[in-house]
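Each remark here refers to the structure printed beneath this line.
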Amino acid sequence: MADTQYILPNDIGVSSLDCREAFRLLSSTERLYAHYLSRAAWYGGLAVLLQTSPEAPYIYALLSRLFRAQDPDQLRQHALAEGLTEEEYQAFLVYAAGVYSNMGNYKSFGDTKFVPNLPKEKLERVILGSEAAQQHPEEVRGLWQTCGELMFSLESRLRHLGLGKEGITTYFSGNCTMEDAKLAQDFLDSQNLSAYNTRLFKEVGQDGKPSYEVRLASVLGTEPNLDSEMTSKLKSYEFQGSHFRVTRGDYAPILQKVVEHLEKAKAYAANSHQEQMLAQYIESFTQGSIEAHKKGSRFWIQDKGPIVESYIGFIESYRDPFGSRGEFEGFVAMVNKAMSAKFEWLVASAEQLLKELPWPPAFEKDKFLTPDFTSLDVLTFAGSGIPAGINIPNYDDLRQTEGFKNVSLGNVLAVAYATQREKLTFLEEEDKDLYIRWKGPSFDVQVGLHELLGHGSGKLFVQDEKGAFNFDQETVINPETGEQIQSWYRSGETWDSKFSTIASSYEECRAESVGLYLCLHPRVLEIFGFEGADAEDVVYVNWLNMVRAGLLALEFYTPEASSWRQAHMQARFVILRVLLEAGEGLVTVTPTTGSDGRPDARVRLDRDKIRTVGKPALERFLRRLQVLKSTGDVAGGRALYEGYAAVTDAPPECFLSLRDTVLLRKEARKLIVQPNTRLEGSEVQLLEYEASAAGLIRSFSERFLEDGPELEKILTQLATADAHEAPSGQA
């Protein structure tokens, strides 16, 4: 059997998202709007398969065929007859549910491959003897032959997502290196093109010279369209001695379905902001234009307090090994009014709270653009995983000048962070009950602060294309050096393009640190309804949770490559290091032996020293993070961040050795079953599923009832076309 690091256990937690009450309260028009947006999101989410690994689309197509022909209960009878044990069949169901949940065969949280926890020969017998194989023998056998080996392979390069020799990615052709990624980013910056909706394919000619194709995601391919701002970009370029060609049409048939359903949603929009937003998204996905998506995002920001909230596109860059390309995601959710009221009070206090942050006023935005901040119950979240909160759009220019929105996903928080005492690791016994009591409420506070005042704070110093600066060069002083500002962002440069591989994690660390820092403020605790001893418990558990998370983060560190595989977890480890460095016994991490005789560890936080020792340490660190970010000081930012992110066996903590203990006692991240919506006549029905691997599989089987075979064909054709761009061994 495979190393437990690369399998999903049979007893993995599975929870269903509950949005029944929020959906019940929608009007029939709002339900239709939510339904068509959900359909657009689910279709677009299939693109993630093509953004993950070469084999992911084939695995998805194979599983879809199997479970369309026989549901999990029917297939079970066949599997047992073929000689599988109950445990082996359950392992297969968990694997299939994992592929659907992560939209591929790599974990969305950690970027680690997972493989079926049963013998390959047994799974092969089940697949080739299945009802699907009897109906379409050549197709099913062909899919298995294409993906069977890669489904199980744990060859070292295939264990993690990465670039070049470091891992697998399909954001780039398999022959691309980090140097190619850097060159491509410089090219994109020179043409004022965003990387968000691109992939990069490299070919090496007979003369040994490389040429690159930058492929934009769009419905249209080579068709001329005189009205599009994209047309002038679609051509060949010579750049720094290399040949670049900008094309479009990536994921075209998938995006066609997205566009069709956005058009249908537009008919049920609640106002002109939503209509114009959807029109621009349609333009963006049709033409391959990020500028159109930005325009749509402007209308989205202006659409304050909608009953049905949504966002869709190439959004988060966590899984691009270079940190610039966006994974497709789309969500649809309904407002939770009670929690949203608390967030509104937090927004109302935001300008005062921003003044509490430990950097000079010149390093804060010129004007705080009051955002929407709502708690939402998710109906649909298509992509590789569901976060607890979101602060979007990610476009720096919009965030600096026009604002953003924050959302906390209430029903996701409710299921994802429920904790069983017996599974609670690395805490002292006396902390466990307190932790269970206050983890949920403290996380509400942390998510609110992280999204609104973490991601929502701070200014980038920019020189525009006309040479004008958005700060006073004469008077603004760097508080770390006492000198005038020496560096800034040039026109076309963004936070992601400049800080690339560390950008996501660095920003998550800054936002997490802001949350820890501001949760100490009495006004914040009051807003969330906490005072006295309860308020102090919320603060303690919030800090304790971050310290524990820093230790748990070691699961996502790869010693062989000296690299981190998950931005949020790297950020939490960095914060743990900062608090350990503060000294005076504020935080200790001690190796121990568990009651089962196996290695264990305990984290301790001295609650009496949070304000006297922890706060000053965090203050110094936060100021440095912000100053380096504002000034675009990549060298300084890397030195600071990578220094704290280094994992060594230096005493007293010996983190490399502790990593083995963390892996020994890790708990798999929960799988979340989402509902479907179905149009019956003119009414939209909500379809819910049981909280099990089989229930999750059924939800996907019923998601594409009408066009499942067509989608499988589209995905495998697109994957086959991509494989022609890859060298042997990656296809």
Exercise: identify the closest heavy-atom pair between Val547 and Leu576 = CG1-CD1, 3.8 Å

Can you find a pair of side-chain heavy atoms, one from Leu193 and one from Val214, that are under 4.5 Å apart?
-> no

Any donor-acceptor pair under 3.5 Å linking the side chain of Gln463 with the backbone of Arg490?
-> no

Considering non-hydrogen atoms only, spot the tightest contact between Gly448 and Phe343 and give its length.
-> CA-CE2, 4.0 Å

Rounded to the nearest 0.5 angstrom, the NE2-CD distance for His521 and Glu356 is 4.0 Å

If you take all heavy atoms of Leu518 and Val524, which pair is closest and at what distance?
-> O-CG2, 3.5 Å

Passing option when Phe461 is tested against Trp488, Phe363, Phe469 for ring pair (Phe, Tyr, Trp, His ring centres under 6.0 Å) = Phe363

From CZ (Arg248) to CG (Asp250), nearest 0.5 Å | 12.5 Å

What do you reckon, are the aromatic ring centroids of Tyr196 and Tyr395 less than 6.0 Å apart?
-> yes

Asp111 meets the side-chain contact (heavy atoms from CB on, under 4.5 Å) criterion, sequence neighbours left out, with Leu161, Arg319, Arg565

Using the six-membered ring of Tyr171, assess whether NZ or CZ of Arg325 lies under 6.0 Å from its centre and within 45 degrees of the ring axis.
-> no

Shortest non-hydrogen contact between Cys519 and Leu449, atoms and distance = N-CD1, 3.5 Å

Between Ala617 and Ala582 the two heavy atoms that sit nearest each other are CB-CB, 3.6 Å

Using only heavy-atom distances, determine whether the side chains of His455 and Glu507 contain a donor-acceptor pair under 3.5 Å.
-> yes

Taking the side chain from Tyr237 and the backbone from Lys233, do they hold a donor-acceptor pair closer than 3.5 Å?
-> yes

Arg199 and Gln51: side-chain donor and acceptor closer than 3.5 Å?
-> no

Can you list the residues that meet the ring-ring contact (aromatic ring centres under 6.0 Å, His included) rule with Tyr641, with sequence neighbours excluded?
-> Tyr506

Going from CG on Leu516 to CG on Leu579, what distance comes out if it is rounded to the nearest 0.5 angstrom?
-> 7.0 Å

Any side-chain donor-acceptor pair under 3.5 Å between Gln280 and His293?
-> no

Whether Ser108 side chain and Ser384 backbone form a donor-acceptor pair below 3.5 Å | yes

Derivation of the side chain to side chain contact (heavy atoms under 4.5 Å, CB included) call for Asn391 and Arg399 = CA-CA 10 Å; Asn391 175 288; Arg399 296 172 64 79; 2.4 Å; yes

Indicate the ring-plane relationship of Phe404 and Phe368, choosing parallel, tilted or perpendicular according to the 30° and 60° boundaries.
-> perpendicular

Is a side-chain donor-acceptor pair under 3.5 Å present for Ser500 with Gln185?
-> no

Side chain of Asp372, backbone of Lys304: donor and acceptor closer than 3.5 Å?
-> no

Any side-chain heavy-atom pair of Val347 and Thr370 under 4.5 Å = yes

Can you see which heavy atom on Thr169 is nearest to which on Gly162, and at what distance?
-> CG2-O, 3.3 Å

Exercise: do Glu402 and Gln302 side chains pair donor with acceptor under 3.5 Å | no

Going through the distances and angles, do Val587 and Val603 end up as a side chain to side chain contact (heavy atoms under 4.5 Å, CB included)?
-> CA-CA 7 Å; Val587 174; Val603 293; 5.7 Å; no

Okay, side chain of Arg572, backbone of Ala553: is any donor-acceptor separation there less than 3.5 Å?
-> no

Taking the side chain as every heavy atom from C-beta outward, state whether Arg669 and Lys107 have any atom pair closer than 4.5 Å.
-> no

Less than 4.5 Å apart, any side-chain heavy atom of Asp180 and any of Phe172?
-> no

Could you walk me through whether Phe109 and Phe556 pass the ring-ring contact (aromatic ring centres under 6.0 Å, His included) check?
-> CA-CA 9 Å; Phe109 205 82; Phe556 302 96; 5.5 Å; yes

Backbone N/O of Lys629 and side chain of Arg510: donor-acceptor pair under 3.5 Å | no

Between Tyr311 and Ser297, do the side chains contain an N or O donor and an N or O acceptor separated by less than 3.5 Å?
-> yes

Do the side chains of Met569 and Tyr557 get nearer than 4.5 Å, heavy atoms only?
-> no

How about Arg624: does its CZ atom have over 12 heavy atoms from other parts shown lying under 6.0 Å from it?
-> no

If we ignore angles and hydrogens, is there a donor and acceptor under 3.5 Å between the side chains of Gln626 and Ser630?
-> yes

In sequence, state the C-alpha distance, the side-chain angles, and the governing distance for Ile485 and Gln473, and then conclude on side chain to side chain contact (heavy atoms under 4.5 Å, CB included).
-> CA-CA 7 Å; Ile485 303 304; Gln473 285 182 285; over 6 Å; no

Minimum side-chain heavy-atom gap Phe331-Ile392 below 4.5 Å | yes

Roughly how far, to the nearest 0.5 Å, is the CZ atom of Arg245 from the CZ atom of Phe201?
-> 11.0 Å

Straight-line distance of Leu586 CG to Thr612 OG1, nearest 0.5 Å | 8.0 Å

Can you measure from CH2 (Trp543) to CG (Leu618) and round to the nearest 0.5 angstrom?
-> 5.0 Å

Do the non-hydrogen side-chain atoms of Glu555 and Leu663 ever get within less than 4.5 Å of each other?
-> yes

Between Asp496 and Ser324, do the side chains contain an N or O donor and an N or O acceptor separated by less than 3.5 Å?
-> no

With sequence neighbours excluded, tell me which residues meet ring-ring contact (aromatic ring centres under 6.0 Å, His included) with Phe621.
-> Tyr644

Would you find a donor on one side and an acceptor on the other, under 3.5 Å apart, between the side chain of Asn545 and the backbone of Asn542?
-> no

Gln400 meets the side-chain contact (heavy atoms from CB on, under 4.5 Å) criterion, sequence neighbours left out, with Lys365, Lys459, Leu460

Which residues share a salt bridge (charged side-chain N to carboxylate O under 4.0 Å, His left out) with Glu291, sequence neighbours left out | Lys294

Expected output: side-chain Asp633 to main-chain Leu628 donor-acceptor under 3.5 Å | no

Side chains of Glu166 and Pro321: closer than 4.5 Å at any heavy-atom pair?
-> no

Give a yes or no answer on whether the side chain of Asp396 reaches the backbone of Trp495 with a donor-acceptor pair at less than 3.5 Å.
-> yes

Counting distance only, does the side-chain N/O of Gln486 pair as donor-acceptor with the main-chain N or O of Gln484 below 3.5 Å?
-> yes

So Phe655 and Phe573, would you call those rings parallel, tilted or perpendicular, with 30° and 60° as cut-offs?
-> perpendicular

What residues, two or more places apart in sequence or in another chain, satisfy side-chain contact (heavy atoms from CB on, under 4.5 Å) together with Val634?
-> Lys498, Phe499, Arg638

